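Worth saying up front: this structure is predicted, and the values here are computed from it rather than measured.
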Amino acid sequence: MSRNRVAVSHLLPLSVLWLSSSVLAAAAPACQAAQPPEKPEEHHHMVHLNMPSGVTDKCAPTFTYNDGPLGPSHWQGECNSGHSQAPVDITDTQKMAVPPLAPLLMSYQPAGLDMVNDCNRYLIKLRFPDNKWLKVARKPYRLSEIEFREPGEIAVKGKRPTMSLQLVHLSPEGSLLIIEVPIAAGKENPVIKTLWKHIPAPGKEVTADDFKINAMDLLPVDHGFYFFRGSLTYPGCNEGVMWYLMKNPVEMSAAQIALFKKYYHNTARPLQPLGERPVVESK
């Protein structure tokens, strides 16, 4: 609906030096999978481990995705001053086998439904309890929430997916890792069918312990990915975020996509310059 659209609408080739120092974790034992370097950047004020639900009695967005005084060119924080911003358009990659490139070791488990309609950030999202359901090169991450976007944010060769879901993870140190899963129009998704029946009113939250959500059911069978370093994609666009884009989509029916767009659409930040940042592709 129009109200949501306007006021509420939510490589360069890798060098040998980078490969040896950044991805292959210099002199790593042969039995240990390599990983891109991951360390908190204190000066970027990373998001605290316990992220707020977004539930509020008042829907009063402080930014928009459209041009104007609250639009992307006026977003605060690092949004217009940072040099490693997201989302980006992936046009060239360095392919690496898994291993030595560290795989995404996912062990997501069923959790009670906790869905939020965050009208101030144009998001419908799922929240999860304390866990350590993801490991990258033995480092644990907590799945904090899953956010839905329309269209998807990261582009490949200039094309963005119809929608996407983003699995937001936090390390014990508070650094961020986001896995974006493209969504393509196709078969009806049984998990989404149930979720869409529980979408809360704007600014509200729905919980139900008798209905379980397993993030594994929202992932493609093939876990091949692209990797790059970027930022959050809403104000203040904090940098130091590890981004993984699944190479394969999951499907939702056209009707399911249309239903979501009744709540929020055009909620992808404009593409940002990739610059000299390398993109790694698993093979």
Checking Glu78 side chain against Gly236 main chain: does a donor-acceptor pair fall under 3.5 Å? no
Interatomic distance, Ile213 atom CD1 to Ile146 atom CD1 [nearest 0.5 angstrom]: 8.0 Å
Are Leu104 and Val98 in one and the same hydrophobic cluster, where Ile, Leu, Val, Met, Phe, Trp and Tyr link if side-chain heavy atoms are under 4.5 Å apart? yes
Tell me, yes or no, whether the heavy-atom count around Lys212 atom NZ, taken from other residues, nucleotides or ligands under 6.0 Å, exceeds 12. yes
Assess whether side chain to side chain contact (heavy atoms under 4.5 Å, CB included) is satisfied between Tyr264 and Glu150, documenting all intermediate values. CA-CA 7 Å; Tyr264 301 113; Glu150 191 284 325; over 6 Å; no
Donor-acceptor pair, distance only, cut-off 3.5 Å: does the side chain of His265 make one with the backbone of Lys262? no
Using every non-hydrogen atom in the two residues, find where Pro87 and Arg269 come nearest and quote the distance to one decimal. CG-O, 3.4 Å
Does Gln76, at its CD atom, have more than 12 non-hydrogen atoms belonging to other residues, nucleotides or ligands within less than 6.0 Å? no
Report, as yes or no, whether the 6.0 Å neighbourhood of atom CG on Asn214 holds more than 12 heavy atoms from other residues, nucleotides or ligands. yes
Thr194 meets the side chain to side chain contact (heavy atoms under 4.5 Å, CB included) criterion, sequence neighbours left out, with His198, Phe211
Side-chain donor-acceptor pairs of residues 108-116 under 3.5 Å, sequence neighbours excluded:
unit_1	atom_1	unit_2	atom_2	d
Tyr108	OH	His169	NE2	2.8
Gln109	NE2	Ser107	O	3.1

Would you kindly confirm whether Leu271 and Tyr244 end up in one hydrophobic cluster when ILVMFWY residues are joined by side chain heavy atoms under 4.5 Å apart? no
Closest non-hydrogen atom pair, Trp75 against Thr64: NE1-O, 3.2 Å
Test Leu218 against Leu165 for side chain to side chain contact (heavy atoms under 4.5 Å, CB included), laying out the working first. CA-CA 8 Å; Leu218 293 171; Leu165 56 93; 4.1 Å; yes
So do Val241 and Thr233 actually touch side chain to side chain, heavy atoms under 4.5 Å? no
Should Leu105 and Leu177 be counted in the same cluster of Ile, Leu, Val, Met, Phe, Trp and Tyr side chains packed under 4.5 Å apart? no
How long is the span from the NZ atom in Lys261 to the CG atom in Asn266, to the nearest 0.5 Å? 7.5 Å
Atom CZ in Arg142, atom CG in Asp130: separation rounded to 0.5 Å? 5.0 Å
With clusters defined by side-chain heavy atoms of hydrophobic residues (ILVMFWY) lying less than 4.5 Å apart, directly or transitively, does Ile199 cluster with Ile192? yes
Close side-chain approach of Leu219 and Val181, heavy atoms under 4.5 Å: yes
Short side-chain donor-acceptor distance under 3.5 Å, Thr93 and Glu281: yes
Looking at Lys135, I'd like to know if its NZ atom is crowded, meaning that more than 12 non-hydrogen atoms belonging to other residues, nucleotides or ligands lie closer than 6.0 Å. no
Any side-chain heavy-atom pair from Cys237 and Gln85 closer than 4.5 angstrom? yes
Is any side-chain heavy atom of Val156 closer than 4.5 Å to one of Leu245? yes
Only one of Arg149, Glu180, Glu147 forms a side-chain hydrogen bond (donor to acceptor under 3.5 Å, both in side chains) with Ser164, so which one is it? Glu180
Would you check, one step at a time, whether the test side chain to side chain contact (heavy atoms under 4.5 Å, CB included) holds for Asn131 with Tyr141? CA-CA 8 Å; Asn131 60 75; Tyr141 288 86; over 6 Å; no
Trp196/Phe260 aromatic ring centres below 6.0 Å: yes
Taking the side chain as C-beta and beyond, is there a heavy-atom pair between Leu195 and Phe148 under 4.5 Å? yes
Is there a donor-acceptor contact under 3.5 Å from the side chain of Arg277 to the main chain of Pro273? yes
Which pair of non-hydrogen atoms, one from Pro72 and one from Asn80, has the smallest distance, and what is that distance? O-ND2, 3.3 Å
Within the structure provided, determine whether Ile183 and Pro249 are in side-chain contact (heavy-atom separation under 4.5 Å). no
In short, Ala268 meets Gly152 closest at the heavy-atom pair CB-O, 4.0 Å
Just verifying a value: how many Å separate Trp243 CH2 and Ile90 CD1, rounded to the nearest 0.5 Å? 10.5 Å
Is there side-chain contact between Arg127 and Glu205, with heavy atoms separated by less than 4.5 Å? yes
Test item: Pro61 and Asn120 side chains (from C-beta on) under 4.5 Å apart, heavy atoms: yes
Quick one: closest heavy-atom pair of Gln256 and Met252, and the distance? OE1-CA, 3.5 Å
Distance-only donor-acceptor check, side chains Ser175 and Glu173, under 3.5 Å: no
Interatomic distance, Asn238 atom CG to Ser84 atom OG [nearest 0.5 angstrom]: 12.5 Å
If we ignore angles and hydrogens, is there a donor and acceptor under 3.5 Å between the side chains of Gln166 and Glu153? yes
Drop me the distance from Lys247's NZ to Asp222's CG, to the nearest 0.5 angstrom. 7.5 Å
Is it true that Lys125 and Asp118 make a salt bridge, defined as a side-chain N closer than 4.0 Å to a carboxylate O? yes
Stepwise, does the side chain to side chain contact (heavy atoms under 4.5 Å, CB included) test hold for Leu274 with Asp89? CA-CA 7 Å; Leu274 182 60; Asp89 182 11; over 6 Å; no
Write down the atom of Ser231, the atom of Ala86, and the distance for their closest heavy-atom approach. OG-N, 2.9 Å
